[in-house]
Participant: 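Encoded as structure tokens, here's the structure I'll be asking about.
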Amino acid sequence: MSSLPTVSSQPTRIQRKRTKGWQAGSAMIVDRGSRYGNPWRIQGTVLIAPDGTIQDLETPEAARKEASARYRDWLDGEGPDTYSVGRKTFDRRRVLSSLTRLKGRDLACTCSLPRAGEPDDCHAGVFLELAAHPQRITT
């Protein structure tokens with residue numbers, strides 16, 4: 001019997017690096033520069049909403065979790081269809097209409113990867129779930 005390691009066919013999130021020579025390979029980039037970007041930003045413990053209002057949370061982890069939850073709610077129909085943040089427009093309809101592009105693909109975002117046993121509160125995790133189960137979208 002072979003003792004080769006098994007390879008998971010489940011898509012996963014990888015951390016996009018901004019270092020020279022880094023490549024996403026076959027992963028789809030879903031960071032803020034893409035159509036899939038999250039209009040809620042975090043800076044340390046501060047959550048910055050698309051309209052510029054801020055919420056100071058206890059920890060950076062709590063801020064990431066809240067940003068991901070707000071993004072999920074937005075995709076589920078809460079709030080306006082579009083947000084303009086600086087020169088970037090985030091369009092829910094465009095995101096939802098292109099979810100099939102993400103199905104079965106690894107996703108790359110600049111968010112730090114969680115440590116073993118910690119939840120992954122990056123918005124890319126929302127996409128991994130929705131791409132696998134598009135029927136969960138209620139809009």
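All values below come from the heavy atoms of this structure, side chains included, with hydrogens, waters and symmetry mates left out. Position 1 is the first residue of the sequence; numbering continues from there.
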Participant: Check whether any side-chain heavy atom of I42 sits under 4.5 Å from a side-chain heavy atom of P60, and report yes or no.
Facilitator: no
Participant: Rounded to the nearest 0.5 Å, how far apart are NE2 of H123 and CG of L130?
Facilitator: 11.5 Å
Participant: If only atom types and distance count, is the side chain of R93 paired as donor or acceptor with the main-chain N or O of T82 below 3.5 Å?
Facilitator: no
Participant: Enter the distance from D120:CG to S68:OG here, rounded to the nearest 0.5 Å.
Facilitator: 8.0 Å
Participant: Measuring from atom CZ of F127 to atom CZ of R72, what distance do you get when rounded to the nearest 0.5 angstrom?
Facilitator: 10.0 Å
Participant: Please determine whether residues L75 and I29 belong to a single hydrophobic cluster, defined as Ile, Leu, Val, Met, Phe, Trp and Tyr linked transitively by side-chain heavy-atom distances below 4.5 Å.
Facilitator: no
Participant: Just grab all the ring pair (Phe, Tyr, Trp, His ring centres under 6.0 Å) pairs involving residues 75-101, residues at least two apart or on different chains.
Facilitator: W40-Y83, W74-Y83
Participant: Roughly how far, to the nearest 0.5 Å, is CE of M28 from CD1 of I14?
Facilitator: 12.0 Å
Participant: Salt bridge (charged side-chain N to carboxylate O under 4.0 Å, His left out): which pairs involve residues 30-43, sequence neighbours left out?
Facilitator: R16-D31, R18-D31
Participant: For L128, is there any backbone N or O sitting under 3.5 Å from a side-chain donor or acceptor partner on R13?
Facilitator: no
Participant: Quick one: are R70 and P50 in side-chain contact, heavy atoms under 4.5 Å?
Facilitator: no
Participant: About how many Å separate CG of N38 and OH of Y71, when rounded to the nearest 0.5 Å?
Facilitator: 6.0 Å
Participant: Salt bridge or not for E61 and K65, using N-O below 4.0 Å?
Facilitator: no
Participant: When rounded to the nearest 0.5 angstrom, what distance separates CZ in R94 from OG in S98?
Facilitator: 7.0 Å
Participant: Might you point out which heavy atoms bring G44 and A63 nearest each other, and give the distance in Å?
Facilitator: O-CB, 3.8 Å
Participant: Is it the case that the side chain of D106 and the backbone of T12 share a donor-acceptor pair, with hydrogens and angles ignored and the cut-off at 3.5 Å?
Facilitator: yes
Participant: Using a 4.5 Å cut-off on heavy atoms from C-beta on, say whether the side chain of R64 contacts that of S112.
Facilitator: no
Participant: Considering residues, nucleotides and ligands other than E58, do more than 12 of their heavy atoms fall under 6.0 Å from its CD?
Facilitator: no
Participant: Is a side-chain donor-acceptor pair under 3.5 Å present for D51 with T53?
Facilitator: yes
Participant: Mind listing the closest non-hydrogen atom pair of P119 and P114 along with its distance?
Facilitator: O-CB, 3.5 Å
Participant: Yes or no on side chain to side chain contact (heavy atoms under 4.5 Å, CB included) for Y36 and L102, after CA distance, side-chain angles and deciding distance?
Facilitator: CA-CA 10 Å; Y36 304 101; L102 305 180; 3.8 Å; yes
